[in-house]
There are 2 protein chains.
Amino acid sequence: MAKRLAIGDLARQTGTKVNTIRFYEDIGLLPEALRTASGRRSYEASDVRRLAFIRHGRQLGFSIPEIRSLLALSDQPDRDCGEAAAIARAHLADIGIRIARLETLRSALTEVATSCEGGRAAECRVIEAIAGTELAGTGI
Amino acid sequence: MAKRLAIGDLARQTGTKVNTIRFYEDIGLLPEALRTASGRRSYEASDVRRLAFIRHGRQLGFSIPEIRSLLALSDQPDRDCGEAAAIARAHLADIGIRIARLETLRSALTEVATSCEGGRAAECRVIEAIAGTELAGTGI
DNA sequence: ATACAACCTCCAGTCACTGGAGGATCAAGA
DNA sequence: TCTTGATCCTCCAGTGACTGGAGGTTGTAT
């Protein structure tokens with residue numbers, strides 16, 4: 001039969017802490033794991049993919065409700081594909097905004113990081129640049 | 001004498017919530033405010049600048065410990081500012097990774113959205129599209 | 001004089017985890 | 001077989017960075 005993974009294996013394969021996996025199960029992001037006779041959680045490859053997806057999504061700054069809705073996309077039965085497309089489009093708009101914000105942030109930080117020539121903090125342009133940075137309206 | 005500001009004025013001038021200002025005082029990011037005879041906090045221009053610095057730093061994604069060390073640097077102008085530049089560079093690297101990931105997600109979702117729109121029983125395998133995405137060389 | 005906005009302190013809640021106590025179970029070596 | 005140490009279990013408390021609210025006081029405009 002297919003090889004099953006203990007929670008620690010799943011944790012190692014996805015770079016997630018064991019407690020976090022149990023937390024995701026608690027809040028319903030991961031389905032309730034099958035248990036061994038002794039009560040230990042037992043996983044398979046699809047759990048690795050789902051959890052990897054969740055972790056990527058979190059690293060990208062999506063909230064758990066947002067990830068829930070992204071996951072719903074692939075959980076959709078085929079007949080609801082139109083709805084899935086709508087969800088995907090809604091996220092696409094959001095992602096465009098996020099990318100734009102991060103690019104604004106990147107250029108601001110680039111200026112901040114490159115302007116320091118070393119030396120005394122009194123002349124440090126990093127601090128000046130942060131003091132003068134306006135990111136108003138970017139929603140960051 | 002110089003004009004003093006109430007906490008609400010400081011809040012408006014810096015786009016900060018009143019409770020957040022009190023919180024920053026609690027954790028020592030802002031010095032303990034002077035008080036009026038009736039016990040209300042009273043601020044001056046330097047507090048506006050310090051709080052603006054804190055808020056800008058937060059918008060740039062610096063943690064409170066990081067902001068604390070940036071503030072310490074500008075409070076002690078004789079120290080070396082290489083630390084400030086290092087903090088900024090670390091954030092730049094992180095932002096680069098996030099932008100790359102979001103762009104990957106964008107193209108995957110575009111694929112999902114367009115294939116679903118085709119009307120056929122599309123395969124909305126969002127998890128595989130994103131979970132399997134490896135960003136080589138990002139260290140994650 | 002009376003509203004009512006703004007202030008005060010203190011505390012609880014949010015989100016997304018993270019860590020630890022206290023106890024059971026498993027796998028490997030002596 | 002026994003023992004040791006890693007891993008697992010549940011449950012609960014703590015973190016970071018706020019946010020909001022209760023309950024009470026003060027300032028100001030009419």
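Only this structure's heavy atoms are used, side chains among them; waters, hydrogens and symmetry mates stay out. All values derive from a computational prediction rather than experimental measurement.
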Would you say a side-chain N or O of Tyr24(B) is under 4.0 Å from OP1 or OP2 of dA17(D)?
no
In whole angstrom, what separates Asp26(B)'s CG from dG20(D)'s C1'?
15 Å
Can a donor-acceptor pair be found, under 3.5 Å and without considering hydrogens, that links the side chain of Arg58(B) to the backbone of Phe62(B)?
yes
Taking only N and O in the side chain of Arg58(A), is any of them less than 4.0 Å away from OP1 or OP2 of dC17(C)?
yes
Do Asp9(A) and Arg12(A) meet the salt-bridge criterion of a basic N to acidic O distance under 4.0 Å?
yes
Take the protein atom CZ of Arg35(A) and the nucleotide atom P of dC9(D), then report the distance between them rounded to whole Å.
6 Å
Starting from P on dC7(C), measure out to CZ on Arg12(B) and report it in whole angstrom.
7 Å
For Ala6(B) and Ile54(A), find the nucleotide of DNA chain C closest to each by heavy atoms; which residue's nucleotide sits nearer the 5' end?
Ala6(B)
Verify the contact: side-chain N or O of Thr20(A) to OP1 or OP2 of dA16(C), cut-off strictly under 4.0 Å; return yes or no.
no
Write down the distance between CZ (Arg4(A)) and P (dC26(C)), rounded to a whole number of angstrom.
16 Å
Do the side chains of Glu32(B) and Arg41(B) get close enough for a salt bridge, i.e. N-O under 4.0 angstrom?
no
Please give, in whole Å, the distance from dT9(C) P to Ile21(B) CD1?
13 Å
For the pair made of CD1 in Ile27(A) and P in dT14(C), what is the distance, rounded to whole Å?
14 Å
Does Arg40(B) make a side-chain N or O approach to OP1 or OP2 of dT9(C) shorter than 4.0 Å?
no
In terms of side-chain heavy atoms of Ser38(A), which of dT25(C), dA16(C), dC18(D) is nearest?
dT25(C)
Ranking dC8(D), dC8(C), dA17(D) by distance to the side chain of Ile7(B), first place goes to dC8(C)
Atom NZ of Lys17(B) to atom P of dT19(D): distance rounded to whole Å?
5 Å
Once you apply a heavy-atom cut-off of 4.0 Å, does Arg55(B) come out as touching a base, just sugar-phosphate, or nothing?
sugar-phosphate
Side-chain heavy-atom pair Leu51(B), Gln13(B) within 4.5 angstrom cut-off
no
Less than 4.0 angstrom between a side-chain N/O of Arg41(B) and OP1 or OP2 of dC7(C), yes or no?
no
Whole angstrom value for the distance that separates P of dG20(C) from CG of Asn19(A)
10 Å
Taking Thr20(A) for the side chain and Thr16(A) for the main chain, is one N or O donor matched with an acceptor at less than 3.5 Å?
no
